[in-house]
Each structure stands twice: as structure tokens, then as C-alpha cells.
Amino acid sequence: MKIEKNTAVTLRYTVSEITGKLLDESKEPMAYLHGGYGNTFAKVEEALEGQQAGYQTTIELQAEDAFGQRDEALLQTIPKTQFPPGVKVGGQLEGRDDQGNSIVFTVLKIKGPTVYLDGNHPLAGKALRFGLNVLEVRAASEEEIAHGHVHGAHGHHH
Ligand code: ZN
């Protein structure tokens with residue numbers, strides 16, 4: 001079966017810097033609903049369109065096509081008194097931006113009474129190389145299409 005709109009695609013992936021340094025790889029296969037549902041990057045869907053199980057490829061994405069450019073407005077400080085106990089430098093905590101959207105902040109440093117946080121995705125501002133390996137392609141169910149995501153072992157859990 002070919003990858004086209006409303007197919008459920010299961011794949012393994014690696015994420016590397018353009019220099020080849022490995023940053024992340026899927027420990028479990030991931031499944032997404034193909035066809036512009038925003039489950040994965042548009043350029044990844046573009047690269048996989050029309051392909052089948054067994055297809056492997058490597059693509060390079062500019063930062064704006066991957067996790068976006070860094071936004072300096074997402075660098076924030078909070079008083080140490082508001083800081084949840086047990087979180088350390090390099091750790092993460094969840095907060096909200098001006099629009100009330102949930103953001104994961106990385107703790108950059110703690111200096112005196114102030115905690116410095118960065119709400120940018122750790123891979124924001126980076127051009128990245130994605131290795132993609134298609135494991136399975138199947139037709140999505142009507143329910144999956146209605147929900148806009150894939151169910152099952154490697155998909156979305158309710
Ligand atoms: Zn669902």
C-alpha cells in the first residue's frame with residue numbers, strides 16, 4: 001500500500017545535526033496519520049508521499065521547516081520561591097505563554113533568587129537531518145480520520 005492521504009504510517013526515525021551528530025532516535029516505532037493533519041512535519045510527509053513499507057530515506061530540514069527559529073521572548077525568569085522543588089539545571093517544567101498555551105521550559109541556570117528558563121524547543125534554530133524508515137502503511141479507520149490521529153500500539157492513547 002502506498003502512502004497517501006488518510007493512511008496510517010508507522011516508522012522509525014533518527015534526528016541528527018547536519019554534521020551527522022545523532023541527537024535522537026525512536027526507541028519505539030511512531031505512527032502518524034498522513035495527509036496534512038499536522039502529526040509530523042510537512043516536509044516529512046512530502047518525502048514519504050507515494051512510498052511504501054520498507055522505504056528508507058534521509059532528508060535535511062531547515063530550522064523553519066522543523067522546530068522553528070529560536071524566540072528570545074521565550075527566555076524568561078521566575079523567582080526561585082515560585083520554583084517547584086526537585087527541578088535542577090537542565091531539567092524541565094511546564095508553564096504557559098501569553099496566550100495560555102502550554103510550553104515546556106528548560107532550566108538554564110539558577111542565580112541567587114532567580115531561575116532562568118528557556119521555552120524554546122531544544123532543537124529550535126537548528127537545521128536537522130532526519131532518517132526515516134517506513135515499517136508499515138495501512139488505511140486509517142474512519143475514527144482515526146475523524147480524530148486526526150492514529151490509534152493503536154504506536155499511535156495516540158485516549
Ligand atoms: Zn483518537
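Counting starts at 1 for both ligands and their atoms, in listed order.
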Fill in: For the student: nearest non-hydrogen atoms of Val9 and His34, plus distance
CG2-CB, 4.0 Å
Worksheet item: At the Zn ion (ligand 1), what's the angle from His158 NE2 to His149 NE2, rounded to 10 degrees?
Response: 110°
Fill in: Parallel, tilted or perpendicular: rings of His149 and His147 (30°, 60°)
perpendicular
Fill in: Test item: Asn133 side-chain N/O and Gln56 main-chain N/O as donor-acceptor pair under 3.5 Å
no
Discussion item. For Glu17 versus Arg129, what's the shortest heavy-atom pair and its separation?
Written reply: O-CB, 4.2 Å
Fill in: His151 atom NE2 and His147 atom ND1 as seen from the Zn ion (ligand 1), angle to 10 degrees
100°
Item to complete: Return yes when at least one N/O/S atom of His156 is nearer than 2.8 Å to the Zn ion (ligand 1), and no when none is.
Response: no
